[in-house]
Amino acid sequence: MDDHNITAVWQRVIGTQPDPPRWLVLACAAAALLAILPHPVWRLSRNVVTIAHEGGHSLVALLTGRRLDGVRLHSDTSGLTVSSGRPTGPGMILTAAAGYTAPSLLGLGGAALLADGRITALLWISIALLAALLIMIRNAFGLLSVVATGAVFFAVSWFGSAQLQAVFAYLGVWFLLLAGVRPVVELQSKRRRGGARDSDADQLARLTGVGALLWVTLFLVVALSCLLAGGSQLLR
């Protein structure tokens, strides 16, 4: 690729694109709900939430100075991020708290980019984040999940029309904002039945002395706040 083509691609990435019509934004929200509410569909789409969840653990672990040992994504939509460092303290607390809040916060960041017309930039930032996560994946299903997700983002950003890119970007952001709520509700449901005793909330309770229910409540407040703020930006 010559310098002219590189410049053209860069301008395309950092440039702005026109906002899609309001009906299309609402249609993307409805389609995102259809990917979340029916249980058979959620069993598949929840894998995307798991990627964001474990990516949140990984990113915060690195930002707080912990050593990231690896990430595993499983076909039952569970995941595991292993990091090394002090077993207590702010770094460990922030790392544990990052998982359930990551999808919603990523959705909020995506909504801010879309509100500024940065549709292509959002797609390429997503590809960069997936590529960074790919380096730390340590199992075959995880590799397949991240590569497949990244390939879809790349195909849409490189070959898709402006309208297709807009639909894909808005659908993805709505999905993260809406889907960030359901895993928190499912977590508390499992805890109420006596399960998930080693969940992020329970680990945080042991680390901080603050009850796990309060951590679940915090996760839910973050998810709902991001949904309200992000949805407002998308509909503005």
Side-chain angles (χ1 to χ4, degrees), residues 13-14 46-74 77-113 118 121-154 157 169 172-173 175-177 179-180 183-184 187 196 198-208 210 212 215-216 218-219 221-223 225-226 229-230:
V13 170
I14 65 173
R46 199 183 193 282
N47 285 290
V48 177
V49 179
T50 303
I51 291 173
H53 181 114
E54 301 304 331
H57 283 313
S58 304
L59 177 60
V60 174
L62 292 173
L63 291 176
T64 56
R66 298 181 63 79
R67 187 168 72 87
L68 188 59
D69 297 321
V71 178
R72 291 178 176 270
L73 306 173
H74 303 128
T77 72
S78 65
L80 177 66
T81 298
V82 179
S83 63
S84 303
R86 288 185 58 193
T88 59
M92 187 63 201
I93 293 169
L94 290 172
T95 298
Y100 278 98
T101 56
S104 297
L105 291 172
L106 287 171
L108 181 60
L113 285 170
R118 308 287 179 176
L122 170 64
L123 298 177
W124 280 84
I125 290 171
S126 300
I127 293 170
L129 291 173
L130 288 167
L133 179 61
L134 182 64
I135 298 171
M136 300 310 302
I137 296 294
R138 295 293 182 266
N139 68 322
F141 182 82
L143 285 171
L144 178 62
S145 297
V146 175
V147 168
T149 305
V152 173
F153 271 88
F154 176 78
S157 66
V173 170
F175 176 80
L176 287 174
L177 290 171
V184 181
L187 170 62
D198 200 36
S199 69
D200 292 351
D202 292 278
Q203 292 181 46
L204 285 163
R206 292 191 289 269
L207 286 167
T208 64
V210 177
W215 283 106
V216 175
L218 176 62
F219 296 160
V221 168
V222 170
S225 298
C226 288

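Since the structure is predicted, the reported quantities are computational estimates derived from the model, not experimental observations.
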Closest approach of [X] to [Y] (non-hydrogen atoms, all atoms of both residues):
X    : Y    : answer
S104 : G180 : OG-CA, 3.5 Å
A97  : L204 : CA-CD1, 3.8 Å
L122 : G110 : CD1-CA, 3.9 Å
A61  : T95  : CA-OG1, 3.4 Å
G99  : D200 : CA-OD2, 4.3 Å
L108 : G230 : CD1-N, 3.6 Å

TODO: May I ask you to decide if the ring planes of W215 and F219 are parallel, tilted or perpendicular, using 30° and 60° as cut-offs?
DONE: tilted

Drop me the distance from [X]'s [atom1] to [Y]'s [atom2], to the nearest 0.5 angstrom.
X    : Y    : atom1 : atom2 : value
I137 : L130 : CD1   : CG    : 9.5 Å
L68  : L63  : CG    : CG    : 11.0 Å
S145 : I51  : OG    : CD1   : 5.5 Å
L105 : C226 : CG    : SG    : 4.5 Å
I125 : L113 : CD1   : CG    : 5.0 Å
L80  : N139 : CG    : CG    : 9.5 Å

TODO: Can you run down the side chain to side chain donor-acceptor pair (under 3.5 Å) pairs that involve residues 79-90, sequence neighbours left out, and say none if there aren't any?
DONE: E54-T81, R66-S83, D69-S84

Between [X] and [Y], is any pair of side-chain heavy atoms under 4.5 Å apart?
X    : Y    : result
H57  : V71  : no
V82  : R138 : no
V147 : L134 : yes
T64  : P90  : no
T208 : M92  : no

- [ ] Establish, from distance only, whether the side-chain atoms of N47 and T50 form a donor-acceptor pair under 3.5 Å.
- [x] no

Task: Identified side-chain contact (heavy atoms from CB on, under 4.5 Å) counterpart of Y100 within the set V216, V222, V184 - done: V184

